Amino acid sequence: MGRHREFDPDEALHIALHVFRRRGYEGTSISDLTEAMGITRPSLYAAFGNKEDLFRRTLDLYERQHLCFAHAALQAPTVREAVERLLRGYIDVLTDPTSPPAVLA
C-alpha cells in the first residue's frame, strides 16, 4: 500500500497551470513547478508523470475552465451568432483578472 499524498493534486494542477501560463512550457523547469506546488520531484512524477504529461493535464484543465464557451458557441443557430459568441467568450477569457496573462513568445 502506497503512502498517502500530502498535497491536493487538484490544487497542485491549478498552480502548475498558472506557472505554465506565466513562464511558458519551455521556460518552466521541474524545479519551478515543484517549488510553486510545494511538492517534491518524486511526488510530482508519481502524481502527474513527467513535465509533458503535467502540461497536457493543465491544458485539459484550462480547456474545461476557460474555453468551455466554444462548444456552446458553435451550437448557435447562425454563423454570425456563433462568431459573436466565440469572440465574446475569448474577450472574457483574455480579460479575466483572476487568470495570469499567457506567455506570447
Side-chain angles (χ1 to χ4, degrees):
M1 183 175 211
R3 289 181 45 191
H4 176 70
R5 286 198 179 121
E6 298 177 6
F7 68 96
D8 179 351
D10 291 331
E11 181 181 336
L13 189 60
H14 281 84
I15 293 168
L17 172 62
H18 287 283
V19 174
F20 281 127
R21 287 208 64 203
R22 268 185 270 135
R23 297 174 164 258
Y25 179 80
E26 292 294 326
T28 300
S29 68
I30 293 294
S31 295
D32 295 331
L33 292 164
T34 56
E35 183 178 325
M37 296 161 80
I39 63 175
T40 63
R41 283 176 182 257
S43 293
L44 183 143
Y45 292 126
F48 304 107
N50 61 24
K51 178 180 164 185
E52 183 178 345
D53 293 337
L54 175 58
F55 184 70
R56 287 175 197 257
R57 288 184 61 180
T58 63
L59 289 178
D60 290 341
L61 174 63
Y62 184 79
E63 181 179 9
R64 286 191 311 273
Q65 283 189 332
H66 301 287
L67 300 180
C68 55
F69 67 88
H71 180 72
L74 295 175
Q75 305 305 313
T78 67
V79 172
R80 179 183 174 90
E81 191 173 339
V83 170
E84 183 178 338
R85 288 181 187 181
L86 284 170
L87 291 174
R88 289 183 187 277
Y90 283 118
I91 289 169
D92 290 345
V93 167
L94 294 173
T95 59
D96 180 356
T98 64
S99 183
V103 175
L104 300 175

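Every value quoted in this text rests on a predicted model; they were computed, and no experiment measured them. Values below: all heavy atoms of this structure, side chains included; hydrogens, waters and symmetry mates excluded.
With sequence neighbours excluded, the residues forming a side-chain hydrogen bond (donor to acceptor under 3.5 Å, both in side chains) with R85 are E81, listed by chain and number. Every side-chain hydrogen bond (donor to acceptor under 3.5 Å, both in side chains) that S31 has, sequence neighbours left out, goes to R41. Here F69 pairs with Y90 under the ring pair (Phe, Tyr, Trp, His ring centres under 6.0 Å) rule; sequence neighbours left out.
The two atoms that bring I15 and A36 nearest to each other are CG2-O, 3.5 Å, heavy atoms only. Scanning all heavy atoms of the two residues, the minimum distance from H14 to H18 falls at O-CD2, 3.0 Å. The two residues A47 and R57 have their closest heavy-atom pair at O-NH1, 3.2 Å. Residue A82 comes nearest to L74 through the heavy atom pair CB-CA, 4.5 Å, listed as atom of the first residue, atom of the second, then distance. Nearest approach of D32 to G27, heavy atoms of both residues: OD2-O, 3.6 Å.
One hydrophobic cluster, built from ILVMFWY side chains closer than 4.5 Å, cannot hold both L86 and L94; they sit in different ones.
With D92 contributing its side chain and G89 its backbone, the two residues share no donor-acceptor pair below 3.5 Å. Side chain of K51 to backbone of T28: a donor-acceptor contact under 3.5 angstrom is found.
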Note to self: Show, in sequence, the C-alpha distance, side-chain angles and deciding distance for L87 and V83, and conclude whether the side chain to side chain contact (heavy atoms under 4.5 Å, CB included) test is met.
What the structure shows: CA-CA 6 Å; L87 291 174; V83 170; 4.0 Å; yes

Item checked: Test log, rule side chain to side chain contact (heavy atoms under 4.5 Å, CB included), inputs T40 and T34 -> CA-CA 6 Å; T40 63; T34 56; over 6 Å; no

Checklist line | Stepwise side chain to side chain contact (heavy atoms under 4.5 Å, CB included) test for L59 and F55 | finding: CA-CA 6 Å; L59 289 178; F55 184 70; 3.6 Å; yes

Note to self: Run L54 and L13 through side chain to side chain contact (heavy atoms under 4.5 Å, CB included) and show every step you take.
What the structure shows: CA-CA 8 Å; L54 175 58; L13 189 60; 3.7 Å; yes

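Note that the CG atom of D8 and the CD1 atom of I39 stand 11.0 Å from one another [nearest 0.5 Å].
Classified by interplanar angle (parallel below 30°, tilted 30° to 60°, perpendicular above 60°), the ring pair F48/F7 is tilted.
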